[in-house]
Undergrad: 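Got a structure here, written out as structure tokens. Questions coming.
All figures in this text were calculated on a predicted structure; none of them were measured in a lab.
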Amino acid sequence: MNSNRHTIHVAILGLAMLTLKANSAYAIDDYTLGPDSIVQEGVPQGTVTQGQWTSEKIFPGTVRDYWIYVPAQYNADKPACVMVFQDGGSYVNPEGQQRATVVMDNLIHKGEMPVTIGIFLSPGVVPATEPDQKPRNNRSFEYDTLSDQYAKFLLEEILPFVGESYNLTEDPDERAICGISSGGICSWTVAWEHPEAFRKVLSQIGSFTNIRGGHVYPALIRKTERKPIRVFLQEGSNDLDNLHGNWPLANQQMAAALNFAGYDYEFVMGDGAHSGKHGGAILPESLRWLWKDRVEEK
């Protein structure tokens, strides 16, 4: 195997156990945002437009908010890279833990990330039909299901819609997808099912557990011919442990399987809990790593 293929931030112990490398800079779940996550003077800021999408084909009847980020450097004459974010509201919030649009502004300005249009999507909601009823959240069905249904939703509904207004790349190596928790496993599933469409994955505290069968991925990865996917996994040793499984162990199993199968991957194991603090703190690092091949080529 190519020793330069990846950097894994954990050490291998015994047969299957992986433990985090000590990092004295952080106390438990004590992560702070760096300068790339803060608005910087002199850095052009992209625009964000918000709307609402009602699915009529893949998830008929569901309604969701969306946000479209367009960097200041976007040129309609040249196809832009694309990055889709699940649970988009938590990523597009400029005061939140992730601050993805701020990070993208800074990295694109420095040439550490290509010109990329961000598509931020909320999970679907089925509106209530009676005044005394509550809307039904479709998140787990969309995100945790092991099928290509959500990928089809992106490819047949969302990307064509956004493509009506912006010049989007069709190169799968220039399409990335990101999510946290169930949004993390969803991102992997999209690329796993359709690597001809998406080949870059960022999973934060991904739910590779038995919510809807996602615990099978390490075995599938080991027994399936390697797919052309580049993936960044972030996890915390104080993540969830419940009836669905153990999140830290599940992500360690994912990393071990990716290593065995020869994938281009990065695994960062911290001491965080089931939150966006650690993932937000290293979001600039995550995006730099994910996109470095496209920056180097250009």
Undergrad: In terms of side-chain geometry, is the basic nitrogen of Asp87 or Arg139 positioned less than 4.0 Å from the acidic oxygen of its partner?
TA: yes
Undergrad: Does one side chain, of Thr189 or Tyr217, offer a donor that lies under 3.5 Å from an acceptor on the other?
TA: yes
Undergrad: With sequence neighbours left out, write down each residue that passes side chain to side chain contact (heavy atoms under 4.5 Å, CB included) with Ser37, or none if nothing qualifies.
TA: Leu33, Val103, Pro284
Undergrad: Indicate yes or no: at least one non-hydrogen side-chain atom of Glu285 is less than 4.5 angstrom from one of Glu266.
TA: yes
Undergrad: With sequence neighbours excluded, what pairs up with Glu196 under the side chain to side chain donor-acceptor pair (under 3.5 Å) test?
TA: His194
Undergrad: Testing Asp264, Val201, Val268 for side-chain contact (heavy atoms from CB on, under 4.5 Å) with Phe232, which one passes?
TA: Val268
Undergrad: Find the distance between OH (Tyr143) and OG (Ser182) and round it off to the nearest 0.5 Å.
TA: 9.0 Å
Undergrad: Does one side chain, of Gln204 or Tyr91, offer a donor that lies under 3.5 Å from an acceptor on the other?
TA: yes
Undergrad: Go through the structure and list residues passing side chain to side chain contact (heavy atoms under 4.5 Å, CB included) with Pro160, not counting sequence neighbours.
TA: none
Undergrad: Would Phe120 and Tyr66 count as a ring pair (Phe, Tyr, Trp, His ring centres under 6.0 Å) here? Give the steps.
TA: CA-CA 6 Å; Phe120 300 81; Tyr66 68 81; over 10 Å; no
Undergrad: Please determine which of Gln97, Gln234, Met269 meets the side-chain contact (heavy atoms from CB on, under 4.5 Å) test together with His278.
TA: Gln234
Undergrad: Would you call Asp30 and Asp271 a side-chain contact if the rule is heavy atoms closer than 4.5 Å?
TA: no
Undergrad: Please identify each residue that fulfils side chain to side chain contact (heavy atoms under 4.5 Å, CB included) with Ala176, with sequence neighbours left out.
TA: Met83, Lys200, Leu290, Trp291
Undergrad: Within the supplied structure, the quantity of interest is the number of heavy atoms (other residues, nucleotides, ligands) at a distance under 6.0 Å from Glu56 CD; does it exceed 12?
TA: no
Undergrad: Using modelled atom types only, decide if a donor and an acceptor are shared between the side chain of Asn167 and the backbone of Ala76 within a distance under 3.5 Å.
TA: yes
Undergrad: Salt-bridged, Asp171 to Arg294, with N to O below 4.0 Å?
TA: yes
Undergrad: Indicate whether the side chain of His274 and that of Asp239 have a donor and an acceptor atom separated by less than 3.5 Å.
TA: yes
Undergrad: Regarding Thr145 and Gln149, is there a side-chain donor-to-acceptor distance under 3.5 Å anywhere?
TA: no
Undergrad: Could you list the residues that satisfy side chain to side chain contact (heavy atoms under 4.5 Å, CB included) with Asn93, not counting sequence neighbours?
TA: Glu95
Undergrad: With heavy-atom distances below 4.5 Å as the criterion, would you say the side chains of Thr101 and Trp67 are in contact?
TA: no
Undergrad: Quick one: NZ on Lys152 to CZ on Phe59, what's the gap to the nearest 0.5 Å?
TA: 10.5 Å
Undergrad: Looking at side-chain heavy atoms only, is the closest gap between Tyr69 and Val92 below 4.5 Å?
TA: no
Undergrad: For Glu157 and Trp53, does a side-chain donor sit closer than 3.5 Å to a side-chain acceptor?
TA: yes
Undergrad: Test your reading of the model: is there a side-chain donor-acceptor pair from Arg99 to the backbone of Ile38, 3.5 Å cut-off?
TA: no
Undergrad: Charged N to carboxylate O under 4.0 angstrom, Asp36 versus Lys110?
TA: yes
Undergrad: Scan side-chain atoms only and decide if Arg175 and Thr169 contain a donor-acceptor pair under the 3.5 Å cut-off.
TA: no
Undergrad: Is the closest side-chain donor-acceptor distance between Trp247 and Ser207 under 3.5 Å?
TA: yes
Undergrad: Please identify each residue that fulfils side chain to side chain donor-acceptor pair (under 3.5 Å) with Tyr150, with sequence neighbours left out.
TA: Gln86
